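Keep in mind it's a predicted model, so treat the numbers as computed, not measured. Letters A, B, ... are given to chains in the order of the sequence lines, protein chains preceding strands, and every chain is numbered from 1.
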Protein chains: 2
Amino acid sequence: MDPTPLLNYISRYVNLSAEEEALLVSKAGYRKYLKGQFVVQQGDICRYENFVLSGCLKTFYPDPEGQEHIVMFAVENWWVTDLGSFITRTPARFNVQCLENTELVQFSYDTLEQLYLDIPKLERLFRIILQKAYVASQDRLVRNFSLPARERYTEFRRQYPGIEQRVPQYMIASYLGITKEFLSRIKNRPEEES
Amino acid sequence: MDPTPLLNYISRYVNLSAEEEALLVSKAGYRKYLKGQFVVQQGDICRYENFVLSGCLKTFYPDPEGQEHIVMFAVENWWVTDLGSFITRTPARFNVQCLENTELVQFSYDTLEQLYLDIPKLERLFRIILQKAYVASQDRLVRNFSLPARERYTEFRRQYPGIEQRVPQYMIASYLGITKEFLSRIKNRPEEES
DNA sequence: CTTTTTTATTGACCTGGTTCATTTTCTCCC
DNA sequence: GGGAGAAAATGAACCAGGTCAATAAAAAAG
């Protein structure tokens, strides 16, 4: 595998020495998945924090009535895992599935904990990443409360310009929290202006 | 001020030496607010990360139509700030207002950045706190998508048993993303069973 | 190219939750 | 205690978005 994308990504937040980079890479796992394969399966304990080198994945959750709700998409340079399961060693509530053939860098729980001790800068790295992720999650919550579906869709396209071309429309509807039928109507009955 | 609650809280996640604790406390600000006062005001740059020693606050956001949406409540032992504003030094999108007389421990941006350098364990502390906050935020997102209002309300009472007694009902409705009228109906038309 | 399967569109009807207006109940302060 | 303002309850009309069912279009398989 080529760890360059991961190291480039990290260097945006902290400066690792050459030795630290080497250590990190030596502890990193690498795995290829085919389209359709599950990286995390609901009910299992989620073993890895995953960095996406290439490909595209969805994190989703079947609700009590069996409807699938997509929590997030992940593409190149994103982290993806069931964080709740990963940090508490409890059964995953989400599934993570590949929507394309995908290459991941993987860090197991124990490896990552050891890396935090060996390279304290990683604490800083993940602190910063998590700050951003938390703010993004709050933003999304706010949008879901205060914007109607049509505007959430517009917002989605602004924020994830690439993804709409890569995933089917019914998954975008699920991400937005509406039905595929309603999203179809939104697209085909464009904004009647006053 | 008595920093004991803060130190107790921190000790749940990392072990600080006596010197580190002393340094932390020496850098901590302390401030009392009266019921109704604003700790963060939308449009200002949010200057502090705040730890609640006593009292109760709401973080809220007026949507384009002027409706108030409550993003979170904070009580004793919670952190509260507009994190997006705080970390990026940009105007706050949220307001944070006291619902009771409130005592806060405050860390300014520069102070906290310096503390991260002086006490690297704080990177770990906040990394762990943010992991939990992020997971909680994702959970809430999922609940908002997949549960009807009545069950979200039940869930809210399970998760925040104290708060319902401390804040007016219309604020809980706002937190749940429904109107005060509808919450009133939910409470007074109890779950018709089959 | 043709068949099969997966996605997307469209229509008719339905419902959870909103809006607005009115009334009742709670607080709390003089 | 009594009165004023805030909070909660209630009723009636309404709407954003959902459900179900039936095509149509596109993609994948052969």
Side-chain angles (χ1 to χ4, degrees), chain A residues 34-37 56 58 60 62-70 73 97-101 141 143-157 163-194, chain B residues 34-36 56 58 60 62-70 73 97-101 141-157 163-194:
Chain A
L34 296 176
K35 176 173 176 172
Q37 286 189 306
C56 179
K58 64 173 174 179
F60 67 101
D63 77 13
E65 276 79 45
Q67 304 279 107
E68 243 181 61
H69 295 271
I70 293 182
F73 294 106
Q97 187 181 17
C98 299
L99 301 176
E100 302 174 355
N101 295 340
L141 205 56
R143 279 200 298 276
N144 278 307
F145 276 138
S146 56
L147 298 184
R150 158 170 278 123
E151 292 172 44
R152 263 146 50 206
Y153 173 58
T154 311
E155 192 61 23
F156 171 80
R157 297 207 306 188
I163 291 188
E164 200 174 12
Q165 288 27 276
R166 293 171 76 170
V167 310
Q169 184 170 310
Y170 73 89
M171 289 190 193
I172 293 170
S174 169
Y175 178 90
L176 294 173
I178 59 179
T179 58
K180 55 193 182 337
E181 291 91 338
F182 192 62
L183 179 55
S184 170
R185 280 182 238 270
I186 285 174
K187 294 181 70 167
N188 297 343
R189 188 196 323 127
E191 196 124 8
E192 49 251 10
E193 288 292 333
S194 55
Chain B
L34 296 175
K35 175 173 176 172
C56 179
K58 65 172 173 178
F60 66 101
D63 76 14
E65 276 77 46
Q67 304 279 107
E68 244 182 60
H69 295 272
I70 293 183
F73 295 106
Q97 187 182 16
C98 299
L99 302 176
E100 303 173 356
N101 294 340
L141 204 57
V142 163
R143 278 199 297 278
N144 280 312
F145 277 140
S146 56
L147 298 184
R150 157 169 278 124
E151 293 173 43
R152 263 149 48 209
Y153 173 57
T154 311
E155 192 61 23
F156 171 80
R157 298 207 306 187
I163 291 188
E164 202 174 10
Q165 289 27 275
R166 292 171 77 171
V167 311
Q169 183 170 312
Y170 73 89
M171 290 190 191
I172 293 171
S174 169
Y175 178 89
L176 294 173
I178 57 179
T179 57
K180 55 190 182 337
E181 292 91 339
F182 192 60
L183 178 55
S184 169
R185 282 180 237 271
I186 284 175
K187 295 181 67 167
N188 297 346
R189 188 196 324 128
E191 195 124 10
E192 48 252 10
E193 288 292 335
S194 55

Asker: Among all residues two or more places apart in sequence or in another chain, which pass the side-chain hydrogen bond (donor to acceptor under 3.5 Å, both in side chains) test with A:Glu155?
Answerer: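 Testing A:Glu155 for side-chain hydrogen bond (donor to acceptor under 3.5 Å, both in side chains), a comparison that skips the adjacent residues, returns A:Arg158.
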Asker: Go through the steps for A:Ile186 and A:Ile178 under the test side-chain contact (heavy atoms from CB on, under 4.5 Å), then give the verdict.
Answerer: CA-CA 11 Å; A:Ile186 285 174; A:Ile178 59 179; 4.0 Å; yes
Asker: Hey, is the main chain of A:Lys35 close enough, under 3.5 Å, to the side chain of A:Asn101 for a donor-acceptor pair?
Answerer: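 The answer is yes, because a donor-acceptor pair under 3.5 Å joins these two groups.
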Asker: Going 5' to 3' along nucleotides 22-30 of chain C, which nucleotides have protein heavy atoms under 4.0 Å from the base (write B), which only from the sugar-phosphate (write S), and which from neither (write -)?
Answerer: ---------
Asker: Please tabulate the protein-to-nucleotide N/O contacts below 3.5 Å involving nucleotides 12-20 of chain C, giving atom names and distances.
Answerer:
unit_1 : atom_1 : unit_2   : atom_2 : d
C:dA12 : N6     : A:Arg185 : NH2    : 3.4
C:dG17 : OP1    : B:Ala149 : N      : 3.3
C:dT18 : OP1    : B:Thr179 : N      : 3.4
C:dT18 : OP2    : B:Thr179 : N      : 3.2
C:dT18 : OP2    : B:Thr179 : OG1    : 3.0
C:dT19 : O4     : B:Arg185 : NH2    : 3.0

Asker: Does the side chain of A:Leu183 come within less than 4.5 Å of A:Gln169's, by heavy atoms?
Answerer: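 They are in contact (side-chain heavy atoms under 4.5 Å apart), so the answer is yes.
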Asker: Detail all sub-3.5 Å separations between protein N/O atoms and N/O atoms belonging to nucleotides 24-27 of chain D.
Answerer:
none

Asker: Could you tell me which non-hydrogen atom of A:Ser174 sits nearest to which non-hydrogen atom of A:Ile70, and how far apart they are?
Answerer: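 Smallest heavy-atom distance, with atoms named: OG-N, 2.8 Å.
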Asker: Is there a donor-acceptor pair under 3.5 Å between the side chain of A:Gln97 and the backbone N or O of A:Gly36?
Answerer: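 Judged by distance alone, yes, a pair lies under 3.5 Å.
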Asker: Answer yes or no: is there a side-chain heavy-atom contact under 4.5 Å between A:Phe73 and A:Leu99?
Answerer: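 Result yes, sub-4.5 Å side-chain heavy-atom pair found.
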Asker: In whole angstrom, give the distance that lies between atom NZ of B:Lys187 and atom C1' of D:dA8.
Answerer: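 Rounded to whole Å, this separation is 9 Å.
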Asker: Provide, to the nearest angstrom, the distance between the CG atom belonging to A:Asn144 and the P atom belonging to D:dA16.
Answerer: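 The answer, rounded to whole Å, is 18 Å.
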Asker: What is the distance from atom NE2 of B:His69 to atom CE of B:Met171, rounded to the nearest 0.5 Å?
Answerer: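 Rounded to the nearest 0.5 Å, the NE2-CE separation comes to 14.5 Å.
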Asker: Are side-chain N/O atoms of A:Tyr170 and A:Glu68 paired as donor and acceptor at under 3.5 Å?
Answerer: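 Per modelled atom types, A:Tyr170 and A:Glu68 side chains form no pair under 3.5 Å.
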Asker: Side chains of B:Tyr153 and B:Lys187: does their closest heavy-atom pair fall under 4.5 Å?
Answerer: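 When only atoms from C-beta onward are counted, B:Lys187 and B:Tyr153 do touch, with a gap below 4.5 Å.
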Asker: Measure CD1/A:Ile172 against P/C:dT6 and give the value in whole Å, please.
Answerer: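 Rounded to whole Å, this separation is 20 Å.
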Asker: Whole angstrom is fine here: how far is it from OH in B:Tyr170 over to P in D:dA6?
Answerer: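 Value for this atom pair: 10 Å.
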Asker: Which atom names give the shortest non-hydrogen contact between A:Leu147 and A:Glu151, and what distance separates them?
Answerer: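 The pair with the smallest heavy-atom distance is CD2-OE1, 3.5 Å.
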Asker: Would you kindly give the CD-to-C1' distance between B:Glu164 and D:dA8, to the nearest whole Å?
Answerer: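 The distance from CD of B:Glu164 to C1' of D:dA8 comes to 13 Å, rounded to the nearest Å.
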Asker: B:Gln169 CD to D:dA6 C1': how many Å, rounded?
Answerer: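 So the CD-C1' distance, B:Gln169 to D:dA6, works out to 13 Å.
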Asker: Counting just side-chain N and O atoms, does B:Asn188 come under 4.0 Å of either OP1 or OP2 of D:dT10?
Answerer: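 Yes.
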Asker: To the nearest 0.5 Å, tell me how far B:Leu176 CG sits from B:Phe156 CZ.
Answerer: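 So the CG of B:Leu176 and the CZ of B:Phe156 are separated by 6.5 Å.
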Asker: So, using side-chain contact (heavy atoms from CB on, under 4.5 Å) as the criterion, who are the partners of B:Asn144 when residues are at least two apart?
Answerer: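 Scan of B:Asn144 (side-chain contact (heavy atoms from CB on, under 4.5 Å), adjacent residues dropped) gives A:Leu141, A:Phe145, B:Arg140, B:Arg152.
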Asker: If you fit an axis to the five pairs at each end of the helix from C:dC1-D:dG30 to C:dC30-D:dG1, how big is the angle between those two axes, to 10 degrees?
Answerer: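 One end's axis against the other's: 50°.
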